[in-house]
Protein chains: 2
Amino acid sequence: MEETRRSRGRPSQFDAQIALETAMELFWAQGYEGTSMAELTEAMNINKPSLYAAFGSKENLFKLALEHYLKGSISFISAALQAPTAYEVVQQLLLNSARFLTQEDKPAGCMVNLGSLSCGKEAAPVQQVLIARRKQFEAALLQRFERAQAEGELTAGTQAADLAKYVATLHQGMSIQAASGASREALEALVNMVLANWPGKKAAELHLEN
Amino acid sequence: MEETRRSRGRPSQFDAQIALETAMELFWAQGYEGTSMAELTEAMNINKPSLYAAFGSKENLFKLALEHYLKGSISFISAALQAPTAYEVVQQLLLNSARFLTQEDKPAGCMVNLGSLSCGKEAAPVQQVLIARRKQFEAALLQRFERAQAEGELTAGTQAADLAKYVATLHQGMSIQAASGASREALEALVNMVLANWPGKKAAELHLEN
DNA sequence: ATATTTAATTACCAATCGGTACATAAATTA
DNA sequence: TAATTTATGTACCGATTGGTAATTAAATAT
């Protein structure tokens, strides 16, 4: 089944996906500027010329590591976005985020939200990519809340855009909390409090939900 | 009147406070790792030996620049904490933050919240100082909300600790929003939404849930 | 076997990093 | 004026930065 046409020259001694996983964890934990190519080559166990041949440059390696990160983390996000109600979307999203942001075997916080927030000019391209991803996340929330609004789910005065920015802001704040040492339990308590005061619903409806 | 005893040797050609202001803006915008001593010496218009003689090291310069930042930004925070009710505390704090984080002539976002979130091992001491400052801010909020609770202001089920973490998290998220290009108006709309759903405000309705 | 293709290895590049030695300039004190 | 004190300017330090040239090793194709 796995008969992928042997390539011609000397075979690679590393698996690109595994190498990207290692690069991802380093960039995730230490950021773009805080991670040197020397650290990367040692952790990935690849010589520098091989690494450059495979991934192009430090900047490109970061972008590929970011895509790898999104592949692994976007699953529970897109799953949450498919929940039947806006409330359940936020519930799933934030509760799962509280856990994701405090995984024991992974860096704390979200790679997209924490990366290159303040950085030198050399890191500007990477910074722009991360900003775009943050906006993309908020746009996905907006789209989902607009649907909820069309389905008559939200209260009259509630703006879908404000709601999307509210959830995105909470998610980003939770990343800083996690990176600053907040425990999983503390984040979960925070999320439960947010859910108990969810703006999209009236108190009476909230009572029925639980 | 300003008869401050002339020092003995050759006089400094720079004002330490003005120099710190410049260093602060650079570190604020580009972070600790993203700002080089070469950039600093040029922007501050001080030779490297003079800079080292005056401020010790890059790490120490950052810490002094941070203290300078706090001196300038902590005023509206401590003023907000003295508002008569918890609601007004949050109102003043977040509305003023929305403006502070989007000043036109200053870097976007909060230097404490955005600095060294992910960084290399060399920046670890600076990272720890920033984490401590974030915790200090949340602790000040906690203290204020505990007072509000003692004054019978909050509903029975509301934990002051959760409330403090909620506001701190929002403030941190707003910093990322500002750093990612969010406008002042968008942040103000967000804050107004948060205030409209402030847990202590509609106490009677929310009390039904728990 | 030989040629060809591709990767690994070693050694190296100019540029920049944070930090300093050394000599000089400008002030006060004696 | 001479001695002392402090800051300045120049020139430099070893280490590290991201990135490569050139050679060798290991596979397939002819």
Side-chain angles (χ1 to χ4, degrees), chain A residues 2-20 22-23 26-27 30-65 116 118-127, chain B residues 2-20 22-23 26-27 30-65 116 118-127:
Chain A
E2 190 66 30
E3 192 59 29
T4 44
R5 184 50 145 259
R6 270 268 167 75
S7 63
R8 185 114 185 271
R10 177 173 175 172
S12 277
Q13 290 186 339
F14 62 91
D15 180 284
Q17 288 304 110
I18 295 176
L20 273 182
T22 303
L26 266 179
F27 280 132
Q30 307 190 346
Y32 179 72
E33 291 173 330
T35 309
S36 69
M37 293 304 291
E39 278 179 293
L40 287 162
T41 53
E42 182 177 344
M44 299 165 82
N45 205 27
I46 307 179
N47 293 317
K48 259 207 277 189
S50 298
L51 197 155
Y52 274 89
F55 304 108
S57 67
K58 186 186 181 186
E59 183 182 324
N60 201 251
L61 176 60
F62 181 90
K63 290 177 181 172
L64 293 171
S116 295
S118 50
C119 59
K121 292 144 196 162
E122 185 192 319
V126 156
Q127 186 182 37
Chain B
E2 189 66 26
E3 194 58 30
T4 43
R5 182 50 144 257
R6 273 267 166 73
S7 63
R8 185 116 184 268
R10 177 173 177 172
S12 276
Q13 289 186 339
F14 62 91
D15 180 284
Q17 288 305 109
I18 295 177
L20 273 183
T22 303
L26 266 179
F27 279 133
Q30 307 190 346
Y32 180 72
E33 291 173 329
T35 308
S36 69
M37 293 303 292
E39 278 179 292
L40 287 163
T41 54
E42 184 177 344
M44 299 164 83
N45 206 26
I46 306 177
N47 294 315
K48 260 206 277 190
S50 299
L51 197 154
Y52 275 88
F55 304 107
S57 65
K58 186 186 182 186
E59 182 181 325
N60 201 252
L61 176 59
F62 181 89
K63 289 177 182 172
L64 293 170
S116 295
S118 50
C119 60
K121 291 145 197 162
E122 186 193 317
V126 157
Q127 186 182 36

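Scope of the values below: all heavy atoms of this structure, side chains included, with no hydrogens, waters or symmetry mates. Every chain is numbered from 1 and lettered A, B, ... according to where its sequence line falls, protein lines coming before strand lines.
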Margin query: Name the residue from A:Cys119, A:Ser116, A:Ser118 that meets the side chain to side chain contact (heavy atoms under 4.5 Å, CB included) definition with A:Glu33.
Written below: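 Testing A:Glu33 for a side chain to side chain contact (heavy atoms under 4.5 Å, CB included) against A:Cys119, A:Ser116, A:Ser118 leaves exactly one candidate, A:Cys119.
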Closest to the [X] side chain, choosing from [options]:
{"X": "B:Ser12", "options": "D:dT8, D:dT28, D:dA21", "answer": "D:dT8"}
{"X": "A:Lys48", "options": "C:dG19, D:dT4, D:dG18", "answer": "D:dG18"}
{"X": "A:Tyr52", "options": "D:dG18, D:dT8, C:dT10", "answer": "D:dG18"}
{"X": "A:Pro11", "options": "C:dT5, D:dA27, C:dA8", "answer": "D:dA27"}
{"X": "A:Ser36", "options": "C:dT29, D:dA29, D:dG18", "answer": "D:dG18"}

Next item on the list: For A:Thr41, answer base if it contacts any base atom (sugar-phosphate contacts may also be present), sugar-phosphate if it contacts only those atoms, and nothing otherwise; contact means non-hydrogen atoms under 4.0 Å.
Entry: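 The residue A:Thr41 makes no contact with any strand.
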Margin query: Run B:Gln127 and B:Tyr32 through side chain to side chain contact (heavy atoms under 4.5 Å, CB included) and show every step you take.
Written below: CA-CA 9 Å; B:Gln127 186 182 36; B:Tyr32 180 72; over 6 Å; no
Next item on the list: Would you mind telling me which residue lines up with the more 5' stretch of DNA chain D, A:Gln13 or B:Ile46, judged by nearest nucleotide?
Entry: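 Its nearest nucleotide being more 5', the pick is B:Ile46.
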Rounding to a whole Å, what distance do you find between [X]:[atom1] and [N]:[atom2]?
{"X": "B:Leu40", "N": "C:dG19", "atom1": "CG", "atom2": "P", "result": "11 Å"}
{"X": "B:Leu51", "N": "C:dG19", "atom1": "CG", "atom2": "P", "result": "10 Å"}
{"X": "B:Leu61", "N": "C:dG19", "atom1": "CG", "atom2": "P", "result": "10 Å"}
{"X": "A:Asn60", "N": "D:dG19", "atom1": "CG", "atom2": "P", "result": "10 Å"}
{"X": "B:Glu33", "N": "C:dT16", "atom1": "CD", "atom2": "P", "result": "19 Å"}
{"X": "B:Glu122", "N": "C:dC17", "atom1": "CD", "atom2": "P", "result": "12 Å"}
{"X": "B:Glu59", "N": "C:dC17", "atom1": "CD", "atom2": "P", "result": "18 Å"}
{"X": "A:Asn47", "N": "D:dG19", "atom1": "CG", "atom2": "C1'", "result": "14 Å"}

Next item on the list: Please check if the side chain of A:Asp15 supplies one atom and the backbone of A:Gln17 the other of a donor-acceptor pair under 3.5 Å.
Entry: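 The answer is yes, because a donor-acceptor pair under 3.5 Å joins these two groups.
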Next item on the list: Assess whether side chain to side chain contact (heavy atoms under 4.5 Å, CB included) is satisfied between B:Lys121 and A:Gln30, documenting all intermediate values.
Entry: CA-CA 8 Å; B:Lys121 291 145 197 162; A:Gln30 307 190 346; 3.5 Å; yes
Item checked: Any A:Ser50 side-chain N or O less than 4.0 Å from OP1/OP2 of C:dA7 ->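 No, no such contact exists.
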Check: For the base of C:dG18, is there a side-chain donor-acceptor partner from B:Lys58 under 3.5 Å away?
Finding: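 When only heavy-atom distances are counted, B:Lys58 does not reach the base of C:dG18 through any donor-acceptor pair under 3.5 Å.
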Next item on the list: Fit a plane to each ring of B:Phe62 and B:Phe27, take the angle between them on a 0 to 90° scale, and name the class: parallel (under 30°), tilted (30 to 60°) or perpendicular (over 60°).
Entry: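 Correct class here is perpendicular.
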Margin query: Assuming nearest nucleotide by heavy-atom distance, tell me which of B:Gly9 and B:Gly56 is located more 5' along DNA chain C.
Written below: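 That would be B:Gly56.
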Note to self: If you assign each of B:Ser57 and B:Arg10 to its closest nucleotide in DNA chain C, which residue comes earlier from the 5' end?
What the structure shows: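 Closest to the 5' end, via its nearest nucleotide, is B:Ser57.
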